[in-house]
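Since the model is a prediction, treat every value here as computed from it, not as a measurement. Letters A, B, ... mirror the listed sequences (proteins, then strands); counts begin at 1.
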Amino acid sequence: MTPLLLSTLDLVGTFAFAISGATLGVRKRLDLFGVLTLAFAAATAGGIFRDLVIGAHPPAAFGDWRYLATAMAAGVVTFFGYEQVERVRNPVQMFDAVGLALFAVAGTSKALAFGIHPVGAVLLGMISGIGGGMARDLLVTEIPAVLQRRELYAVAALLGAVLLAIGSWLELPPAPTALVAAFACFVLRYLAIRRGWMLPVANWRDPSL
Amino acid sequence: MTPLLLSTLDLVGTFAFAISGATLGVRKRLDLFGVLTLAFAAATAGGIFRDLVIGAHPPAAFGDWRYLATAMAAGVVTFFGYEQVERVRNPVQMFDAVGLALFAVAGTSKALAFGIHPVGAVLLGMISGIGGGMARDLLVTEIPAVLQRRELYAVAALLGAVLLAIGSWLELPPAPTALVAAFACFVLRYLAIRRGWMLPVANWRDPSL
Amino acid sequence: MTPLLLSTLDLVGTFAFAISGATLGVRKRLDLFGVLTLAFAAATAGGIFRDLVIGAHPPAAFGDWRYLATAMAAGVVTFFGYEQVERVRNPVQMFDAVGLALFAVAGTSKALAFGIHPVGAVLLGMISGIGGGMARDLLVTEIPAVLQRRELYAVAALLGAVLLAIGSWLELPPAPTALVAAFACFVLRYLAIRRGWMLPVANWRDPSL
């Protein structure tokens with residue numbers, strides 16, 4: 001992939017994640033500032049955490065104004081056109097899956113480039129993908145959706161991260177490796193949504209019920 | 001401003017923010033340790049986040065014992081004299097506005113000094129001002145007040161941060177610039193409280209109601 | 001203490017904390033991924049925060065795969081054997097007190113080694129001990145247990161951290177100092193559980209009741 005294509009896709013992912021944040025903000029009746037904050041948090045929290053852990057100062061969200069601008073654009077669009085955004089919920093979910101795939105793969109790649117052990121890099125790649133959604137939910141005091149029954153969201157991010165790390169370990173060419181890893185993550189997430197694949201919940205009966 | 005005046009004002013802001021944290025802790029029936037934790041978090045979380053992002057190790061809250069001591073003093077006073085503190089709620093709100101103004105301006109200034117891009121520095125300055133209050137609310141699982149309808153709190157911090165960054169970009173003398181920026185933030189917050197100025201909420205009707 | 005013994009005890013603490021996280025995850029009906037996330041967060045969040053503050057990149061939880069492996073093992077055991085784990089609740093509470101003591105002492109020691117001021121180092125040592133439990137509770141949007149009435153949990157961690165810092169300041173031999181500090185923390189926590197020692201709550205009557 002060319003750098004231009006990569007950075008375009010990265011901003012597409014940022015936009016999709018920001019819309020998921022802004023949407024939740026509107027639904028929770030936050031004011032304009034609250035909606036924009038949720039847009040920014042959903043789009044950038046995973047990457048910020050990764051960059052703090054690997055020691056990349058400042059994190060990209062604070063060093064490159066395009067992330068902020070993209071998240072603000074998504075927030076404003078959602079704030080003033082909420083009902084239209086709700087109507088294209090399915091396309092948004094597809095963009096979100098694209099964002100998940102790109103963030104997980106790019107996050108793993110960045111962590112490896114900073115010399116993090118592959119196990120840690122995979123973990124950080126997965127967190128790059130799912131961290132924004134967790135921050136988004138926690139800011140409005142909801143248990144993060146990704147921790148509850150949801151169609152293989154974290155598992156898809158993990159798959160992309162693992163494939164990237166294996167490809168890097170085998171010294172396969174970086175661009176095709178990243179493409180295949182991201183595609184695998186996207187396909188798994190897509191199929192999981194279509195077919196309702198979920199992880200199990202512990203088989204346990206609450207004695208107080 | 002002389003360094004002595006600046007650092008005195010900084011500790012005044014710390015004290016005011018710590019009182020807002022401790023007050024919430026008492027109201028939520030936390031124990032003494034919980035009340036002190038909320039005092040410390042409200043006074044320091046914004047600055048800690050900023051320092052982690054810009055790579056200032058350790059953050060001031062852990063490197064300078066006066067922040068901890070000031071926050072603990074505010075926490076103990078509130079714990080043992082809660083009803084008296086509640087009676088001076090209006091003065092506390094004024095101190096809080098002073099703290100907001102100082103933290104936003106000093107935070108922007110510190111981020112610029114660490115070489116952060118002006119857009120990122122403004123964002124970090126604003127977070128320096130509002131981050132403590134967000135941490136305080138999240139620790140007792142309330143949606144941060146600053147994200148909901150509140151009289152131009154984040155906007156005032158943003159105004160101070162933007163003015164400081166513009167002044168710095170124009171190479172105006174630092175001390176008067178900081179003073180004007182902080183004063184503008186304080187005045188906007190003060191007027192917003194007096195007149196009930198708020199940001200809009202999205203105009204949207206919940207179809208399930 | 002030999003390094004082998006120290007690192008074994010460190011992993012015992014990790015395992016005990018991870019079980020407390022996974023147990024809460026099962027009770028909250030999280031899916032397998034959610035349960036493993038809570039196990040990891042409970043075991044590592046305090047240390048991650050400390051390492052970010054002192055500038056130790058990457059934090060141990062991401063640089064040493066044994067922490068992840070230990071937390072995952074505890075999570076899987078709890079997920080599939082929840083009812084058995086519940087039955088050994090008392091032993092788990094004892095392991096948790098061991099983990100608290102070790103994390104508080106080792107955390108203070110690491111912060112001092114990174115040149116942090118003793119007051120900041122004690123604070124970071126205490127946070128190393130209690131931070132995981134706070135993250136665990138916040139992830140399922142509960143007010144952290146350590147902030148509410150609980151048998152001298154943070155105070156015990158603080159005692160261990162203070163003793164370690166005093167010993168280090170007096171240049172006492174490191175290994176016996178660490179042992180005594182950890183033992184004091186464990187004993188205080190143990191006695192507090194047995195005898196129900198707690199911190200006070202502010203004496204205040206809610207006028208709206």
State, with a plain yes or no, whether a side-chain heavy atom of B:Ile130 is found less than 4.5 Å away from one of A:Phe33.
yes
Quick check on B:Val155 against chain A: is it the side chain, the backbone, both or neither that has a heavy atom closer than 4.5 Å?
neither
Could you check if a side-chain atom of A:Leu30 sits within less than 4.5 angstrom of a side-chain atom of B:Ile143, using non-hydrogen atoms only?
yes
Measure distances from B:Met198 to the heavy atoms of chain A and classify the residue's part below 4.5 Å as side chain, backbone, both or neither.
neither
To the closest 0.5 Å, what do you measure between OH (A:Tyr67) and CG (B:Leu123)?
14.5 Å
Any side-chain heavy-atom pair of B:Val53 and A:Pro58 under 4.5 Å
yes
Contacting region of A:Leu138 [heavy-atom separation from chain B under 4.5 Å]:
backbone
Answer with side chain, backbone, both or neither: which region of A:Tyr82 has an atom nearer than 4.5 Å to a non-hydrogen atom of chain B?
side chain
Taking all non-hydrogen atoms of both residues into account, name the closest pair between A:Leu139 and B:Pro144 and its distance.
O-CD, 3.2 Å
Around B:Glu171, counting heavy atoms of other residues, nucleotides and ligands shown, do more than 12 lie under 6.0 Å from its CD?
no
Could you tell me whether A:Trp197 atom CH2 has more than 12 heavy atoms of other residues or ligands within 6.0 Å of it?
yes
Flag the pair A:Asp31 / B:Leu147 as yes when at least one side-chain heavy-atom distance between them is below 4.5 Å, and no otherwise.
no
What's the verdict on side chain to side chain contact (heavy atoms under 4.5 Å, CB included) for A:Phe62 and B:Ile127, showing C-alpha distance, side-chain angles and the deciding distance?
CA-CA 12 Å; A:Phe62 293 98; B:Ile127 293 173; 4.0 Å; yes
Tell me, side chain or backbone of A:Leu68 under 4.5 Å from chain B's heavy atoms, or both, or neither?
side chain
Side chain, backbone, both or neither: which part of A:Phe80 has a heavy atom under 4.5 Å from chain B?
neither
When you measure from the side chain of A:His57 to the backbone N and O of B:Leu52, does any donor-acceptor pair fall under 3.5 Å?
yes
